[in-house]
Amino acid sequence: MDGNGRWAKQRHLPRVEGHRRGLESVRTAVRGCGEAGVEALTLFAFSSENWRRPASEVRALMGLFRWVLEREVEALRENGIRLRVIGDRQGLGDNLIPLIERAEATTAEGTRMTLNIAANYGGRWDIAQATQQLAREAAEGSLDPADIGEEAIRSRLALADLPEPDLFIRTGGEQRISNFLVWQLAYTELYFTPTLWPDFDEEALQAAFESFSKRQRRFGRTGEQANALTGH
């Protein structure tokens, strides 16, 4: 969700105003994905690298995160949306962890869509924590090192219970994944748009969906094989 700061700068506003305006785009994306039948939506809210930003901006972002956890959770529950937070929670501070746990418990029965918020998250961290878990299991004797392969790693990643993403959307004009779901994006279709996140509305979301619908997903097969599998 890139471009909040630039959106604010263009309007001679503090950067935090861009982040506040970005919450409206979050609501738009959640609503639009729910209506489209998307099974899971993962939003990269705060990366492990974002701690390098000015302290005032970090405090503002943590304050917005707290506000969302306090004010938006009931609406998610009412709409059948399960909320989960992925990332290194310990780094977020003791005041946020109880709110995260309560939000997850409140929305646990949601079946319409899973909304994952990546906070203090990094794709490399995700792989590292998965391999650390494997190492502990091997040291305890509950796992044979010979059994460690791709599936063993995948099953210990933060989103192990969900399918790998079909579509990755990055706003703001940059064309990189910036340490987001590094393992899971191996076969994901990438969509980059110059639209700044606060301007990412229903029309922009539909444009991303339409672009995705025109892709041929081969997963190593030839185009003919892919067509045969999909009946095209």
Side-chain angles (χ1 to χ4, degrees), residues 33 37-52 81-94 96-98 100-101 103-105 107-111 113-170 174-192 212 215-232:
C33 287
V38 171
E39 179 180 346
L41 169 65
T42 303
L43 300 176
F44 204 4
F46 191 85
S47 76
S48 50
E49 289 78 26
N50 284 156
W51 295 108
R52 302 169 185 168
I81 297 174
R82 178 177 63 143
L83 176 69
R84 292 199 312 185
V85 176
I86 62 172
D88 184 2
R89 295 187 185 186
Q90 299 306 313
L92 294 174
D94 294 339
L96 280 176
I97 293 174
I100 292 170
E101 293 174 347
E104 290 179 330
T107 61
E109 302 302 317
T111 58
M113 184 174 74
T114 297
L115 173 61
N116 304 300
I117 303 297
N120 199 23
Y121 174 88
R124 291 176 176 176
W125 165 87
D126 200 0
I127 296 171
Q129 66 83 26
T131 54
Q132 287 169 3
Q133 184 176 339
L134 290 168
R136 286 193 295 269
E137 294 173 24
E140 294 166 356
S142 60
L143 176 68
D144 185 342
D147 293 331
I148 298 176
E150 289 187 16
E151 177 56 29
I153 297 172
R154 187 206 64 78
S155 66
R156 290 159 177 83
L157 296 172
L159 298 179
D161 61 324
L162 294 173
E164 293 183 349
D166 294 306
L167 175 64
F168 166 95
I169 300 171
R170 179 162 186 165
E174 304 292 353
Q175 297 189 25
R176 55 178 179 267
I177 64 173
S178 295
N179 199 21
F180 180 57
L181 301 179
V182 172
W183 180 284
Q184 296 90 334
L185 293 181
Y187 281 98
T188 298
E189 297 297 322
L190 307 181
Y191 178 84
F192 301 102
F212 173 77
R215 312 281 181 96
Q216 184 188 56
R217 310 193 71 202
R218 295 191 292 272
F219 299 100
R221 303 180 182 90
T222 65
E224 292 76 11
Q225 287 174 313
N227 286 336
L229 287 173
T230 58
H232 294 156

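In what follows, every heavy atom counts, from backbone to side chain, and hydrogens, waters and symmetry copies are set aside. Quick caveat, the model's predicted, so the values are computed rather than measured.
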message: The criterion is salt bridge (Lys or Arg N to Asp or Glu O under 4.0 Å); which residues satisfy it with D166, sequence neighbours excluded?
response: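 Counting only residues at least two positions away or on another chain, D166 forms a salt bridge (Lys or Arg N to Asp or Glu O under 4.0 Å) with R217.
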### Residues in salt bridge (Lys or Arg N to Asp or Glu O under 4.0 Å) contact with E174, at least two apart in sequence or another chain
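Expected list: R176.
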So, does [X] use its side chain to make a donor-acceptor pair with the main chain of [Y] at under 3.5 Å?
X    : Y    : result
T114 : R82  : no
T107 : L83  : yes
D88  : N120 : no
N116 : R84  : no

Gap between atom [atom2] of [Y] and atom [atom1] of [X] - 0.5 Å precision:
X    : Y    : atom1 : atom2 : answer
L162 : T42  : CG    : OG1   : 7.0 Å
F46  : L92  : CZ    : CG    : 8.0 Å
S155 : E150 : OG    : CD    : 12.0 Å
I86  : I100 : CD1   : CD1   : 11.5 Å
I169 : F212 : CD1   : CZ    : 10.0 Å
L167 : L41  : CG    : CG    : 10.0 Å

Set out, in order, the CA-CA distance, both residues' side-chain angles and the distance that settles side-chain contact (heavy atoms from CB on, under 4.5 Å) for F44 and L181, then state yes or no.
CA-CA 9 Å; F44 204 4; L181 301 179; over 6 Å; no
Salt bridge or not for R89 and E104, using N-O below 4.0 Å?
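E104 and R89: salt-bridged.
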Item to complete: Would you mind checking if R52 and E49 are paired as a salt bridge, meaning a charged N to carboxylate O distance below 4.0 Å?
Response: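 Here E49 does not pair with R52 in a salt bridge, since their nearest N and O are not under 4.0 Å apart.
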Nearest heavy-atom pair of [X] and [Y]: which atoms, and what distance?
X    : Y    : value
C33  : M113 : CB-SD, 3.8 Å
A118 : F180 : CB-CE1, 4.3 Å
P98  : D94  : CD-O, 2.9 Å
T131 : A128 : OG1-O, 2.8 Å
G123 : V182 : CA-CG2, 3.8 Å

Worksheet item: Run the side-chain contact (heavy atoms from CB on, under 4.5 Å) check on R154 and W183 step by step: do they pass?
Response: CA-CA 8 Å; R154 187 206 64 78; W183 180 284; 4.1 Å; yes
With a cut-off of 6.0 Å (strictly less than), are more than 12 heavy atoms of other residues, nucleotides or ligands near CD of E109?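 No - once you tally the heavy atoms of other residues, nucleotides and ligands closer than 6.0 Å, there are 12 at most.
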Check your understanding: Is the number of heavy atoms from other residues, nucleotides or ligands under 6.0 Å of E39 CD greater than 12?
Key ->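 No, because the 6.0 Å sphere around CD of E39 holds 12 heavy atoms or fewer from other groups.
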- Within-4.5 Å side-chain heavy-atom neighbours: Q184 and F168: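 A side-chain contact under 4.5 Å is absent here.
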### Query
Got S48 and N179 here, is their nearest side-chain heavy-atom distance under 4.5 Å?
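In short, these two side chains touch, coming nearer than 4.5 Å.
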Any salt bridge (Lys or Arg N to Asp or Glu O under 4.0 Å) involving residues 119-144? Give me the pairs, sequence neighbours left out, ordered by first then second residue.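 Found E137-R156.
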Exercise. Where do I97 and Q90 land on the side-chain contact (heavy atoms from CB on, under 4.5 Å) test, with the steps shown first?
Worked result: CA-CA 8 Å; I97 293 174; Q90 299 306 313; 4.0 Å; yes
* Name the one of L43, V85, V38 that satisfies side chain to side chain contact (heavy atoms under 4.5 Å, CB included) with L115? ->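 Result for side chain to side chain contact (heavy atoms under 4.5 Å, CB included) with L115: L43.
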